[in-house]
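The structure appears below as structure tokens.
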Amino acid sequence: MNMKRSLIILAAVFSIGAASASGGSATYPNEHFNPDVSNQESLQRGAKYFVNYCAACHSVQYQRYNRLFEDAGIPEEVGEENLIFTGAKVPEQMHNAMTAESGEKWFGKAPPDLSLTARAKGSNFIYNYLNAFYVDDSRPLGFNNSVFPGASMPNPLWQLQGLQKPVYESEKHCEQVDGEEVCEETHTLVDFESVSEGELSSEQYKQVTADLTNFLAYVSDPSALDRMRIGPWVLIFIVFLTIIFYILKKEYWRDIH
């Protein structure tokens, strides 16, 4: 009985974990994104998009410029000239230029720091969120987001993506209540339709959001690159040490048996 209960609890935990990893409940879009923080070209492009389209409002305050330049393979003088627009020095952290008071005034609340967003919400959420903006005249800034409805941030990449509107699929459910038929119609978002073209094609825009997501995944855990580099050598060392211990054990116990 206890074993059965434990298995049920484990199954529930894994189900919750899988749902969280896939970006939460079923929304549209809901694509899986597998970050590759060892891809230096993607990190370089992601850093470029971040400082050009995101860093005016958002910071990644736990990331230092020099660590980024080293991990992404960016020469320091190139990075200083093309990725630092705030007057910060190379060893400093990546703060934004907007004050919290200005953020509250313009967007209703201060834009959050994005250092740990990939750890907190997952790469799937970021990737789908960046692809889920649509025009909504009911919102103060004219944009809404199907992954995070009611988001106060407008689409910072709309010039690249263009504008799109949601396409809903309607379904009618009827049931008898006290002898009368009561019907309810539900609307499910199933796709987006282009309203105006952007500077990039759909595939090119998805690559931009993939690079940005990859960059934020790296920022949330820069030491992952060290683990990937050192990990195989640690495993080889453990295997070698195990062999040595086995040989020693055989030698120490040889005269006893």
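Atom NZ of K172 and atom OG1 of T186 lie 11.5 Å apart (nearest 0.5 Å). Distance check, rounded to the nearest 0.5 Å: CG of L157 to CD of E199 gives 10.5 Å. To the nearest 0.5 Å, atoms CD (E80) and CG (N66) are separated by 11.0 Å. Separation of atoms CD (Q44) and CG (D71) is listed at 11.5 Å; rounding is to 0.5 Å. Between S123 atom OG and L216 atom CG the span is 8.5 Å, to the nearest 0.5 Å. Once rounded to the nearest 0.5 Å, the distance linking CD1 of I74 with CG of N82 reads 9.0 Å.
Heavy atoms only, all atoms of each residue included: K109 and S152 are closest at CE-OG, 4.3 Å. Across all non-hydrogen atoms, the minimal contact from D221 to R227 is OD2-NH2, 2.6 Å. Taking all atoms of both residues into account, the shortest heavy-atom contact from E169 to V190 is CB-CG1, 3.7 Å. Here the closest heavy-atom approach between residue G103 and residue P111 is recorded as CA-CD, 3.7 Å. In plain terms, the two heavy atoms of E185 and S170 that are nearest each other are OE2-CB, 3.8 Å. The two atoms that bring A151 and N144 nearest to each other are N-OD1, 4.1 Å, heavy atoms only.
Using modelled atom types, no side-chain atom of N214 and backbone atom of L43 make a donor-acceptor pair closer than 3.5 Å. Within the 3.5 Å criterion, the main-chain N or O of Y62 finds a donor-acceptor partner in the side chain of S115. Using modelled atom types, one side-chain atom of H58 and one backbone atom of P112 make a donor-acceptor pair closer than 3.5 Å. At distances below 3.5 Å, not a single donor-acceptor pair connects side-chain atoms of S59 with backbone N or O atoms of D113. Using a distance-only test at 3.5 Å, with no hydrogens or angles considered, no donor-acceptor pair links the side chain of N155 to the main chain of F143. Put simply, the side chain of D136 never gets that close to the backbone of G142: no donor and acceptor are under 3.5 Å apart. Looking only at distances, a side-chain donor or acceptor of Q164 sits under 3.5 Å from a matching main-chain atom of F133. R64 contributes no side-chain N or O that, together with a main-chain N or O of V90, makes up a donor-acceptor pair within less than 3.5 Å.
Taking the side chain as every heavy atom from C-beta outward, T209 and Y129 never approach each other to under 4.5 Å. Two residues are said to be in side-chain contact when any heavy atoms from C-beta on lie closer than 4.5 Å; V234 and F237 fail this criterion. The closest side-chain heavy-atom distance from N131 to F192 is not below 4.5 Å. Put simply, the side chain of M228 reaches to within 4.5 Å of the side chain of V37, judged on heavy atoms. The shortest side-chain heavy-atom distance between S196 and L163 falls under the 4.5 Å cut-off. Residues Y218 and L68 meet the side-chain proximity criterion, which asks for heavy atoms closer than 4.5 Å. When side chains are defined from C-beta on, Q161 does not count as touching L200, because their heavy atoms never get closer than 4.5 Å. Contact annotation: the side chain of N128 never approaches that of T27 to less than 4.5 Å [non-hydrogen atoms, C-beta and beyond].
Other residues, nucleotides and ligands contribute more than 12 heavy atoms inside 6.0 Å of the CD atom of Q207. Residue E41 qualifies as open at atom CD: its count of foreign heavy atoms under 6.0 Å is 12 or below. For CG of D226, the number of neighbouring non-hydrogen atoms (other residues, nucleotides, ligands) closer than 6.0 Å is greater than 12. In the displayed structure, E81 atom CD is contacted under 6.0 Å by at most 12 heavy atoms of other residues, nucleotides or ligands. Few gaps surround OH on Y205; more than 12 heavy atoms of other groups in view lie less than 6.0 Å from it. The environment of E180 atom CD is sparse: at most 12 non-hydrogen atoms of other residues, nucleotides or ligands sit within 6.0 angstrom.
Salt-bridge check for E70 with R67: failed, with every basic side-chain N at 4.0 Å or more from each acidic carboxylate O.
No hydrogens or angles considered: nothing links the side chains of T213 and D211 as a donor-acceptor pair under 3.5 Å.
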Kindly indicate, with the supporting measurements, whether the criterion side-chain contact (heavy atoms from CB on, under 4.5 Å) is fulfilled by T188 and Y28.
CA-CA 9 Å; T188 305; Y28 182 86; over 6 Å; no

For side-chain contact (heavy atoms from CB on, under 4.5 Å), just list the numbers for N52 and F85, CA-CA rounded to whole Å, side-chain angles, deciding distance to a tenth of an Å, and then say yes or no.
CA-CA 9 Å; N52 280 283; F85 303 138; 4.1 Å; yes

For the pair V219 and V60, evaluate side-chain contact (heavy atoms from CB on, under 4.5 Å) and give the outcome as yes or no after the intermediate values.
CA-CA 7 Å; V219 166; V60 282; 3.8 Å; yes

Please step through side-chain contact (heavy atoms from CB on, under 4.5 Å) for the pair M94 and L83, ending with a clear verdict.
CA-CA 10 Å; M94 298 178 68; L83 296 176; over 6 Å; no

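Ring geometry, F33 versus Y127: the interplanar angle falls under 30°, so the pair is classed parallel (tilted spans 30 to 60°). Using cut-offs of 30° and 60° for the angle between ring planes, the Y65 and F69 rings count as tilted.
Following chains of ILVMFWY side-chain contacts shorter than 4.5 Å, one cannot reach V147 starting from F107, and the two form parts of different hydrophobic clusters. Note on M98: it clusters hydrophobically with L141, by side-chain heavy-atom contacts below 4.5 Å among ILVMFWY residues. Criterion: ILVMFWY side-chain heavy atoms under 4.5 Å apart, direct or through other members. Under it, W253 and I244 are part of a common hydrophobic cluster. Cluster annotation: F240 and W233 are assigned to distinct hydrophobic clusters (Ile/Leu/Val/Met/Phe/Trp/Tyr, side-chain heavy-atom contacts under 4.5 Å, transitive). The cluster map of Ile, Leu, Val, Met, Phe, Trp and Tyr, joined by side-chain heavy atoms under 4.5 Å apart, puts M153 and F148 in the same cluster.
Residues meeting the ring-ring contact (aromatic ring centres under 6.0 Å, His included) test with F50, sequence neighbours left out: F215.
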